[in-house]
Amino acid sequence: MRKLFKICLPALLVCLIPAIASAQAAGEQGGGSFRVQCPTATVRHPGTTATGGTGTVVTTHPDSAEALFTSPQIRTATKDPSGTHTFTPALTFTDNGGAIKCQEISGGDGMMTEADGNQTYMFSFGPLSGLGQIINGLPGTTFPNEFNSPYTAGPNYINTQPNPIYDNSTSPTDPVAPGANAALTDPAGIMNTGVLNGNIPAPLIAFDEDDEFFLTLTNVGMIMRPDLFEQHTVHFHGYPNASSFYDGVPDASLAINIGGSFTYYYLAPDAGTYFWHCHITPPEHLQMGMVGQLFVRPRQNRVPVGNTLYSASLASQSDLRTACYPGLPSGTVTQGPDILCSAPLPATNGVLQIQDPNQPTGIGYKYVYNDGDGSTRYDIDVPLQIHGFDPNFHFVGMTFNPEGFSDMKDKYFLLNGRSYPDTVGVAGGPADVLGQLAGASNPDPVTHAISTGDTDGNSRFSQPLPSLITLSASGGPAGTATCPTAPCGQRAALRIADLDVTEYQTLSSTGIPMLLVGFNAKLLRDEAGNNLYIKSNSITLGGGESLDVILDATGVAPGTYFLYTPQLDHLSNDSENFGGLMTEVVVTP
């Protein structure tokens with residue numbers, strides 16, 4: 001019997017492999033146990049421009065492919081997009097526009113470079129789509145028409161399969177170059193690229209309220225730790241998720257084994273700054289580097305130019321996912337106020353959505369939340385992920401020894417995976433005798449991404465996201481609620497998330513006050529609609545918290561300012577008594 005079992009089992013597996021490899025539907029690609037999914041149509045977004053659909057990528061503004069929003073539409077679906085399944089009774093839902101967005105990531109390991117030159121081993125996530133955007137410090141989230149196109153950007157191939165491991169000089173400088181952001185779907189391409197391709201922070205994710213988001217995680221294994229059969233998951237920390245199946249907590253959902261893929265699904269209901277991480281032995285995997293940032297842009301960004309922001313906020317109250325009843329006229333609704341509302345309507349009527357002079361005609365300004373009064377307007381997004389590394393813990397994690405969780409103590413303090421001066425993304429210091437710049441970081445001169453040499457002899461961009469902030473003191477608009485007459489300065493939305501395992505962190509800004517408008521993806525506003533924003537020179541947050549802060553360059557003298565921690569022991573790179581949690585804010589005239 002045992003001999004028969006030994007013969008039949010391999011035969012059965014051989015027979016199953018072709019069936020598995022051929023089980024692919026529209027919007028689903030892959031081979032073996034890898035499945036990369038990005039549908040071109042769903043019930044909510046059947047593929048027409050009126051509801052977002054696949055969208056049309058416009059290089060000058062990533063939001064310009066989003067469907068405009070003036071009021072919700074009640075839609076009824078009688079069949080699925082393929083027409084093969086009939087809904088009985090018909091499905092009725094509120095349509096606020098949005099689109100379908102997709103992204104693909106790997107779960108594995110890699111190396112990163114600290115500001116003092118030491119290389120640190122990581123458990124980590126890496127990009128398998130949006131590579132052109134990630135290397136340029138942008139979110140790797142794309143529309144289906146780009147995600148599902150063939151990858152054509154890299155010249156490096158192994159066995160005829162793409163191997164875009166960032167070790168070539170032709171990495172796309174245009175973040176939306178054709179083929180640069182397509183997903184890798186062939187198993188060889190996935191493994192060639194995903195192995196040792198860890199990023200810190202993990203690939204940036206950003207999409208828009210009302211989008212349907214499909215995130216595929218492929219577990220490529222930990223090459224430096226072949227003894228570990230580590231599973232991985234994606235947990236969107238603090239994200240309003242209706243289904244525990246996609247929550248990434250293995251007790252209530254599932255985990256992805258080595259050589260397997262899984263596609264997470266989210267219907268974005270609430271704007272704000274969130275973050276995500278692996279939820280397998282979280283203290284270990286977070287400390288080792290499996291952490292990333294996510295932000296959701298509000299539907300207020302899609303209000304057509306000339307329309308009132310308040311009216312758009314009022315119209316969105318029919319969507320029970322985001323309804324905020326305080327402030328509505330008496331008798332408008334029957335429900336009572338919701339104290340958990342993320343963005344109550346303002347106490348006074350808002351302003352018009354106006355044309356953004358830096359964007360194509362018809363594109364208005366960007367906002368952090370659906371504020372209704374324009375008070376969270378900004379010009380540039382600045383994601384800032386705070387993190388810390390214990391070098392001893394990471395060394396032990398690479399050397400097959402038991403890790404001492406109780407002795408965990410961070411000695412490197414990171415902003416977007418870097419310590420100062422690497423945070424500004426500019427290599428410094430004189431050339432050494434070999435003609436190389438001092439220090440080991442040496443960011444790419446075009447993309448400012450930091451590369452690290454791996455044990456296989458290849459160099460990969462491990463830290464693609466600098467945190468240098470550049471603002472113009474006179475480059476903002478006139479005619480907004482915050483700047484009604486004369487031109488004002490540009491505003492930066494600092495999307496700050498702390499994924500530190502051991503420490504509380506404080507950031508201070510000298511010379512440019514910080515306006516705190518959101519905490520844990522909730523607008524700071526009371527139920528009566530009064531703004532409770534806080535103007536301060538410092539903010540403090542712990543692990544698992546996020547803040548939305550606006551820096552306004554209006555009236556600020558041109559020069560270089562610092563965003564740094566006043567915790568002196570966090571201004572260090574291990575044994576060096578400088579560096580750490582600090583970056584620069586450059587204000588131009």
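By convention here, the first residue in the shown sequence is residue 1. Since the model is a prediction, treat every value here as computed from it, not as a measurement.
In this structure a side-chain-to-backbone donor-acceptor pair under 3.5 Å is present from Thr452 to Thr113. Formation of a donor-acceptor pair under 3.5 Å by the Tyr369 side chain with backbone atoms of Gly518 is not found in this model. Judged by distance alone, with hydrogens and angles left aside, the side-chain atoms of Asn136 form no donor-acceptor pair with the main-chain N or O of Leu138 at under 3.5 Å. Checking side-chain atoms of Asn181 against main-chain N and O of Gln133 turns up a donor-acceptor pair under 3.5 Å. Under the 3.5 Å distance criterion, the side-chain polar atoms of Asn573 are matched with a main-chain donor or acceptor of Gly580. The backbone N or O of Thr273 sits less than 3.5 Å from a side-chain atom of Ser546, completing a donor-acceptor pair. Without hydrogens or angle criteria, Asp552 side chain to Thr554 main chain gives a donor-acceptor distance under 3.5 Å. Remark: the backbone N or O of Glu104 is paired with a side-chain donor or acceptor of Ser129 at under 3.5 angstrom. At distances below 3.5 Å, at least one donor-acceptor pair connects side-chain atoms of Gln463 with backbone N or O atoms of Gly417. A donor-acceptor contact shorter than 3.5 Å is absent between the side chain of Asn531 and the backbone of Tyr533.
The minimum heavy-atom distance between Phe275 and Ala497, with the atom names listed, is CD2-CB, 3.5 Å. The heavy-atom pair separating Ser509 from Ile512 by the smallest distance is OG-O, 2.5 Å. Here the closest heavy-atom approach between residue Pro203 and residue Trp276 is recorded as O-CZ2, 3.3 Å. For the residue pair Pro464 and Ala449, the shortest heavy atom distance occurs at CA-CB, 3.7 Å. Nearest heavy-atom pair across Asn301 and Tyr367 is OD1-N, 2.9 Å. Among all heavy-atom pairs drawn from Leu471 and Ala553, the shortest one is CB-CB, 3.9 Å.
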Residue pair Leu128, Ile105: steps toward the side chain to side chain contact (heavy atoms under 4.5 Å, CB included) verdict: CA-CA 5 Å; Leu128 289 175; Ile105 56 174; 5.9 Å; no

Pair Leu68, Thr70 - check side chain to side chain contact (heavy atoms under 4.5 Å, CB included), show working. CA-CA 7 Å; Leu68 296 178; Thr70 53; 5.7 Å; no

Between Asp270 and Ser342, is a side chain to side chain donor-acceptor pair (under 3.5 Å) present by the stated rule, with each step listed? CA-CA 7 Å; Asp270 236 351; Ser342 64; 2.8 Å; yes

Evaluate side chain to side chain contact (heavy atoms under 4.5 Å, CB included) for Ser313 paired with Gln300, printing each intermediate quantity in order. CA-CA 7 Å; Ser313 298; Gln300 183 168 298; 3.9 Å; yes

Assess the residue pair Tyr420 and Leu571 against the criterion (side chain to side chain contact (heavy atoms under 4.5 Å, CB included)); give the C-alpha distance rounded to whole Å, side-chain angles, the decisive distance to 0.1 Å, and a yes or no. CA-CA 8 Å; Tyr420 189 78; Leu571 284 173; over 6 Å; no

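Between atom CG of residue Leu494 and atom CG of residue Leu507 there is a gap of 9.0 Å, rounded to the nearest 0.5 Å. Atom OG1 of Thr506 and atom CD of Gln567 lie 4.0 Å apart (nearest 0.5 Å). Here the OH atom belonging to Tyr561 is positioned 15.5 Å from the OG1 atom belonging to Thr583, to the nearest 0.5 angstrom. We find the CG-CG distance between Leu352 and Asn307 to be 8.0 Å, quoted to the nearest 0.5 Å. In this structure, His387 NE2 and Asn416 CG are separated by 12.0 Å, a value rounded to the nearest 0.5 Å. Atoms OH and CG, on Tyr378 and Leu515 in that order, are 14.5 Å from each other to the nearest 0.5 Å.
In this structure, Val382 and Leu551 have side chains that are not in contact, with every pair of non-hydrogen atoms separated by 4.5 Å or more. The shortest side-chain heavy-atom distance between Arg525 and Leu532 does not fall under the 4.5 Å cut-off. Thr588 is listed as a side-chain neighbour of Ser472, based on a closest heavy-atom distance under 4.5 Å. Residues His237 and Leu499 form no side-chain contact, since every pair of their non-hydrogen atoms from C-beta on lies 4.5 Å or further apart. Side-chain contact between Asp574 and Glu114 is absent, with no heavy atoms from C-beta onward closer than 4.5 Å. When side chains are defined from C-beta on, Leu384 counts as touching Leu563, because their heavy atoms get closer than 4.5 Å. Residues Thr376 and Tyr365 fail the side-chain proximity criterion, which asks for heavy atoms closer than 4.5 Å. Contact of the Thr510 side chain with the Ser508 side chain is not registered, since no non-hydrogen atoms from C-beta on lie closer than 4.5 Å.
Of the charged side-chain nitrogens involved, none lies within less than 4.0 Å of a carboxylate oxygen, so that Asp371 and Arg377 do not count as a salt-bridged pair. The pair Asp379-Arg491 fails the salt-bridge criterion, with no side-chain N (NZ, NE, NH1 or NH2) lying under 4.0 Å from an Asp/Glu carboxylate O. Ion pairing between Arg297 and Asp381 fails under the 4.0 Å rule for side-chain N and carboxylate O. The pair Lys101-Asp208 counts as a salt bridge, with a side-chain nitrogen and a carboxylate oxygen less than 4.0 angstrom apart.
Under 3.5 Å, the side chains of Thr141 and Gln103 contain a donor-acceptor pair of N or O atoms. Gln505 and Asp498 share no donor-acceptor pair across their side chains, judged by distance under 3.5 Å alone. Of the N and O atoms on the side chains of Tyr412 and Thr120, not one donor lies less than 3.5 Å from an acceptor on the other residue.
For OH of Tyr504, the number of neighbouring non-hydrogen atoms (other residues, nucleotides, ligands) closer than 6.0 Å is 12 at most.
Taking the six-membered ring for Trp and thresholds of 30 and 60 degrees, Phe413 and His570 have nearly parallel ring planes, at less than 30 degrees apart. By the 30° and 60° cut-offs, the orientation of the rings of His235 relative to His277 is perpendicular.
Only one option out of Leu415, Leu465, Leu414 pairs with Pro201 in a side chain to side chain contact (heavy atoms under 4.5 Å, CB included); it is Leu465.
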